[in-house]
Amino acid sequence: MWPRGDAGHMRWQVVVCCCLCVLAVGCIGPLSASQPTSYNATVVGVVDGDTIDVRLSDGREERVRLLGIDTPEVHVRTDPAEYPGVPNTTAARACLRVVGENASRFVEDRLATGRVRLDIDPQADRRGGYGRLLAYVFVGDTHLNRELVARGYARVYETDFSRRDAFERAQQGAMTEGHGIWRCRT
């Protein structure tokens, strides 16, 4: 063992740090040819409108963040600034809370069968900032992420993903019709 401040000790810390970074990138980095791009899973819980817990076919459990979307918070204070045109008022925050609760119920109802397919987007990060798997969630042929946006339960999230244009069109439709979140603007 090297004494603190010794150059050898510093090199050891750098080596350990680099090894940890390499391991982390291997676990949560971009897709490689050996990683699946689609998983069959069983839903074991709904955290909120954009986060679910699943059990993969190999028995592993994963927390999944629905890729490309953001629903209003239900467990912490909502932030109207995240939703274009929604004012920072008590009424708007209350409106967003209701939309977030409705989004959570909608997801619970849609996932009642328990079986989903998770698709990983090779253009997007595989994991988010909290270590959650980022995925498109399908119930049969229904694309849950996009449906949440189209119904106004979610906004398009500021990140790169291959289906962004379709999500943006769905969001524009929900905004024009004043669905969900977009009702909170007035």
Side-chain angles (χ1 to χ4, degrees), residues 16-79 82 96-164 166-167 170-171 180-181:
V16 168
C17 188
C18 288
C19 289
L20 290 174
C21 288
V22 167
L23 286 172
V25 168
C27 294
I28 65 173
L31 290 175
S32 70
S34 65
Q35 294 175 315
T37 58
S38 187
Y39 299 90
N40 290 320
T42 302
V43 177
V44 295
V46 173
V47 176
D48 58 26
D50 57 31
T51 307
I52 62 174
D53 292 325
V54 300
R55 183 175 300 109
L56 302 176
S57 56
D58 66 5
R60 285 182 298 137
E61 290 197 7
E62 285 278 356
R63 180 149 286 177
V64 178
R65 169 66 189 245
L66 278 67
L67 178 61
I69 70 167
D70 182 41
T71 61
E73 300 297 334
V74 295
H75 301 293
V76 297
R77 184 179 168 112
T78 59
D79 183 4
E82 295 179 359
L96 288 173
R97 174 74 60 181
V98 169
V99 173
E101 291 167 353
N102 290 341
S104 295
R105 275 193 295 281
F106 180 79
V107 169
E108 288 171 354
D109 290 346
R110 285 291 188 266
L111 301 181
T113 63
R115 301 293 304 155
V116 295
R117 186 182 83 235
L118 308 175
D119 285 357
I120 307 302
D121 187 333
Q123 187 175 323
D125 291 333
R126 187 175 186 87
R127 294 205 180 261
Y130 296 105
R132 297 173 292 188
L133 184 65
L134 300 174
Y136 299 118
V137 177
F138 289 87
V139 181
D141 292 332
T142 301
H143 189 302
L144 187 61
N145 311 44
R146 187 186 170 290
E147 189 170 348
L148 284 159
V149 172
R151 290 175 179 264
Y153 291 133
R155 71 175 173 93
V156 178
Y157 195 69
E158 301 89 16
T159 188
D160 291 329
F161 58 101
S162 64
R163 298 180 183 190
R164 177 177 268 297
F167 281 35
Q171 179 172 286
I181 293 165

About how many Å separate [atom2] of [Y] and [atom1] of [X], when rounded to the nearest 0.5 Å?
X: His75; Y: Arg97; atom1: NE2; atom2: CZ; value: 9.0 Å
X: Arg127; Y: Arg63; atom1: CZ; atom2: CZ; value: 12.5 Å
X: Asp53; Y: Leu111; atom1: CG; atom2: CG; value: 11.5 Å
X: Ile52; Y: Glu108; atom1: CD1; atom2: CD; value: 11.5 Å
X: Arg132; Y: Asp125; atom1: CZ; atom2: CG; value: 12.5 Å
X: Asn145; Y: Phe161; atom1: CG; atom2: CZ; value: 8.5 Å

Problem set entry | Pair Ser104-Asp48, side-chain hydrogen bond (donor to acceptor under 3.5 Å, both in side chains): steps then yes or no | CA-CA 5 Å; Ser104 295; Asp48 58 26; 5.6 Å; no
So which atom in [X] and which in [Y] form the shortest heavy-atom distance, rounded to 0.1 Å?
X: Ala41; Y: Val54; value: CB-CB, 3.8 Å
X: Val99; Y: Gly152; value: CG1-O, 3.8 Å
X: Tyr153; Y: Asn102; value: CE2-CB, 3.7 Å
X: Asp119; Y: Ser38; value: OD1-OG, 2.9 Å
X: Glu73; Y: Val76; value: CB-O, 3.4 Å
X: Ile120; Y: Arg126; value: CG2-NH1, 3.8 Å

So do the side chains of [X] and [Y] get within less than 4.5 Å of each other, counting heavy atoms only?
X: Leu144; Y: Val107; answer: yes
X: Pro122; Y: Thr37; answer: no
X: Leu96; Y: Ile181; answer: yes
X: Leu118; Y: Val137; answer: yes
X: Tyr136; Y: Ser162; answer: yes
X: Arg163; Y: His143; answer: yes

Exercise. Is the backbone of Glu82 close enough, under 3.5 Å, to the side chain of Arg155 for a donor and an acceptor to pair up by distance?
Worked result: yes
Exercise. Crowded around Asp141 CG? As in, over 12 foreign heavy atoms under 6.0 Å?
Worked result: no
For this session: Evaluate the criterion salt bridge (Lys or Arg N to Asp or Glu O under 4.0 Å) for residue pair Arg65 and Asp70; output intermediate values, then yes/no.
Result: CA-CA 9 Å; Arg65 169 66 189 245; Asp70 182 41; 3.3 Å; yes
For this session: Could you walk me through whether Thr142 and Arg110 pass side-chain hydrogen bond (donor to acceptor under 3.5 Å, both in side chains), step by step?
Result: CA-CA 9 Å; Thr142 301; Arg110 285 291 188 266; 5.8 Å; no
Exercise. Given the rule in the side chain to side chain contact (heavy atoms under 4.5 Å, CB included) test, do Leu67 and Tyr157 qualify, once you have shown the distances and angles that lead to the verdict?
Worked result: CA-CA 8 Å; Leu67 178 61; Tyr157 195 69; over 6 Å; no
For this session: Under the side-chain hydrogen bond (donor to acceptor under 3.5 Å, both in side chains) rule, what do Asn40 and Ser57 come out as? Steps first, then yes or no, please.
Result: CA-CA 6 Å; Asn40 290 320; Ser57 56; over 6 Å; no
For this session: Start with the C-alpha distance between Arg146 and Val149, add both sets of side-chain angles, then the distance that settles side chain to side chain contact (heavy atoms under 4.5 Å, CB included), and finish with yes or no.
Result: CA-CA 5 Å; Arg146 187 186 170 290; Val149 172; 5.5 Å; no
